[in-house]
Trainee: 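Take this structure, written in structure tokens, and hold onto it; I'll ask about it next.
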Amino acid sequence: MHEWALAEAIVEATCDLLSERKARKISSLKVVIGSLQSADREILRFALSELFKSKGVKVEKLRLDEEEALLKCRSCLKVWRLADLNLPDDVREATHFIPEVIHSYVKCPNCKSQDLEIVSGRGVYIASMEL
Amino acid sequence: MDLKNPVILKRLENIERIIAIISGKGGVGKTLIASTMALTATRIGFPSGLLDMDFANSSCHLVLGVDVLKEKPIENMGIVPVKVHGVEFMSIAFYTHGEALPLRGVEVDNVFKELLMITKWGGLKMLIIDTPPGFGDVTLNIATYLPKVEFIAVTTPNLLSLESLKRLARTYVKERILGVVVNMSHKSVGPSIEKMGFKVLAEIPHYNDLEEYIGDMDKLMKTEFAEKVKEVVLKILG
């Protein structure tokens, strides 16, 4: 369950911030899940709830939003959607752990360059937090 | 917000020493030395890990004889490294399936943090990190994000490699360099390295047949090269 490691990263970073502010409650937390990493939303939600609980932190509203992965060729500037690619399961599994390994498997559909940029939807991150 | 940093330190808290193998020039034998060091330390009773941070051209798995298509780290609330000859081993090659990984600066940074964030090491006496040549993103990240890291520099007696070492001696990581290993040595350059302010950990001769043992650690560990590497390990542990 790699999602637990992602959840732990969010909780640790959040708790560091809460300690600085001497707070134990979050009124709203918005986490974004990039489709390239394709973290399981329900496992991530469960892991976040459990880990926050273990730290004695109350999260009143937890929102998990998905973000579409877009790739851009640095050579010809073409932009395309990850969803348009038919990636084999083993590649999807590899990008689940380390999103950047997509660079090993994908070329620009227009000019075949491998100098690509992940424009959006890379991984899991905190989009906003209100205390 | 960079959400990974607190977890990186937490993941490394059960490791007593972290030693990164660096060099200014490529082709000096860092990977072979790093892999042999990890295995030597483990065999003499210091459980060690090996982390391949040469993302673009990872090759520790080739030295260890690990088939990255068949062997995989186990997923358990994170990623548990593969055990090879008793060494805990982690590499991006498990996810690139041994293919090239063309990355730019920010992407190197992301892979560096992601790998450290998800990898769950056991209690280790020593974690050896193999790095790409040069003083670039990975070396800077190691120096910045891993406060307890120590370095071992590898060079050949080649003039250009020694010049690169001289430059390294003027950088801010110099104080954290435990010493220098001279590899593929055909002449003694120890005194000139000491003049740069470095301790010479070993001068390892060039062995013509060493390549035959790549991928077969049992045979490699019986070579004179491995004996020389053992001297390095004993020096840094002592």
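Hydrogens, waters and symmetry mates are skipped; everything else that's a heavy atom, side chains included, is used. Chain letters run A, B, ... following the sequence lines, proteins first and then strands; every chain starts at 1.
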Trainee: Using the rule given for side chain to side chain contact (heavy atoms under 4.5 Å, CB included), can you reason through Val108(B) versus Glu100(A), listing the C-alpha separation, both sets of side-chain angles and the distance that settles it, and then say yes or no?
Mentor: CA-CA 8 Å; Val108(B) 174; Glu100(A) 277 72 22; over 6 Å; no
Trainee: Under 4.0 Å between a Lys/Arg side-chain N and an Asp/Glu carboxylate O for Arg122(A) and Glu107(B)?
Mentor: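 Salt bridge flag = no for Glu107(B) with Arg122(A).
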Trainee: Looking only at heavy atoms, what is the nearest atom pair of Asp115(A) and Arg104(B), with distance?
Mentor: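 It is OD2-NH2, 2.5 Å.
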Trainee: Can you tell me how far the CZ atom of Arg11(B) sits from the CD atom of Glu12(A), to the nearest 0.5 Å?
Mentor: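 Those atoms lie 8.5 Å apart.
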Trainee: Under a 4.5 Å heavy-atom cut-off, does chain B meet the side chain of Leu116(A), its backbone, both or neither?
Mentor: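 Only the backbone of Leu116(A) comes within 4.5 Å of chain B.
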Trainee: Would you say Glu13(B) has more than 12 foreign heavy atoms packed within less than 6.0 Å of its CD?
Mentor: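 Atom CD in Glu13(B) is crowded, with more than 12 foreign heavy atoms closer than 6.0 Å.
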Trainee: Can you list everything that forms a side chain to side chain contact (heavy atoms under 4.5 Å, CB included) with Asn86(A)? Sequence neighbours excluded, please.
Mentor: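 Expected list: none.
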Trainee: Does a sphere of radius 6.0 Å around NZ in Lys72(B) hold more than 12 heavy atoms from other residues, nucleotides or ligands, not counting ones at 6.0 Å or beyond?
Mentor: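 More than 12 heavy atoms, drawn from other residues, nucleotides or ligands, come within 6.0 Å of this atom.
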Trainee: Checking Glu150(B) now: which residues fulfil salt bridge (charged side-chain N to carboxylate O under 4.0 Å, His left out) with it, not counting sequence neighbours?
Mentor: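 For Glu150(B) the salt bridge (charged side-chain N to carboxylate O under 4.0 Å, His left out) partners, ignoring immediate neighbours, are Arg17(B).
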Trainee: In Å, rounded to the nearest 0.5 Å, how long is the span from CG of Leu101(B) to CD1 of Ile98(A)?
Mentor: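 The CG atom of Leu101(B) sits 9.5 Å away from the CD1 atom of Ile98(A).
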Trainee: Give me the contact list for residues 90-98 of chain B versus chain A, heavy atoms only, anything under 4.5 Å, ordered by residue number.
Mentor: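 When heavy atoms of chain A are the reference, residues 90-98 of chain B contributes Ile92(B), Tyr95(B), Thr96(B), His97(B) within the under-4.5 Å range.
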Trainee: Any chance CG of Asp65(A) has more than 12 other-residue heavy atoms, nucleotides or ligands included, within less than 6.0 Å?
Mentor: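 It does: Asp65(A) CG has more than 12 such atoms within range.
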Trainee: Which heavy-atom pair separates Ala9(A) from Met117(B) by the least distance, and what is that distance?
Mentor: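 That would be CB-SD, 3.5 Å.
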Trainee: So for atom CZ, which belongs to Phe46(A), do other residues, nucleotides or ligands contribute more than 12 heavy atoms lying within a distance under 6.0 Å?
Mentor: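 Check fails, neighbour count at 12 or below.
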Trainee: What pair of heavy atoms forms the shortest contact from Phe97(A) to Ile118(B), and how long is it?
Mentor: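 In terms of heavy atoms, the two residues are closest at O-CD1, 3.9 Å.
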Trainee: Do other residues, nucleotides or ligands put more than 12 heavy atoms under 6.0 Å from Lys148(B) NZ?
Mentor: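 Counting neighbours around NZ of Lys148(B), more than 12 heavy atoms of other residues, nucleotides or ligands fall under 6.0 Å, so yes.
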Trainee: Return the NE2 to CD distance between His103(A) and Glu99(B), rounded to the nearest 0.5 Å.
Mentor: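 Rounded to the nearest 0.5 Å, the NE2-CD separation comes out at 15.0 Å.
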Trainee: Where is the tightest heavy-atom contact between Ala5(A) and Gly78(B), given as atom of each residue plus distance?
Mentor: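 Looking at all heavy atoms of both residues, the shortest contact is CB-CA, 3.8 Å.
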Trainee: For the CD atom on Glu60(A), are there more than 12 heavy atoms of other groups (residues, nucleotides or ligands in this structure) within a distance under 6.0 Å?
Mentor: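 More than 12 heavy atoms, drawn from other residues, nucleotides or ligands, come within 6.0 Å of this atom.
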Trainee: So for atom NZ, which belongs to Lys83(B), do other residues, nucleotides or ligands contribute more than 12 heavy atoms lying within a distance under 6.0 Å?
Mentor: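 Not buried by this count: 12 neighbours or fewer within 6.0 Å.
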Trainee: Chain B heavy atoms under 4.5 Å from Asp90(A): which part of the residue, side chain, backbone, both or neither?
Mentor: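 Contact with chain B is through both the backbone and side chain of Asp90(A).
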Trainee: Nearest 0.5 angstrom please: Glu93(A) CD to Glu75(B) CD, how far?
Mentor: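 It comes to 7.5 Å.
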Trainee: I'd like to know which of Pro99(A), Ser104(A), Ala47(A), Cys15(A) tops the heavy-atom pair count under 4.5 Å against chain B.
Mentor: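 That would be Ser104(A).
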Trainee: Using a heavy-atom distance cut-off of less than 4.5 Å, which residues of residues 53-70 of chain B contact chain A?
Mentor: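 Under the 4.5 Å heavy-atom cut-off, nothing qualifies.
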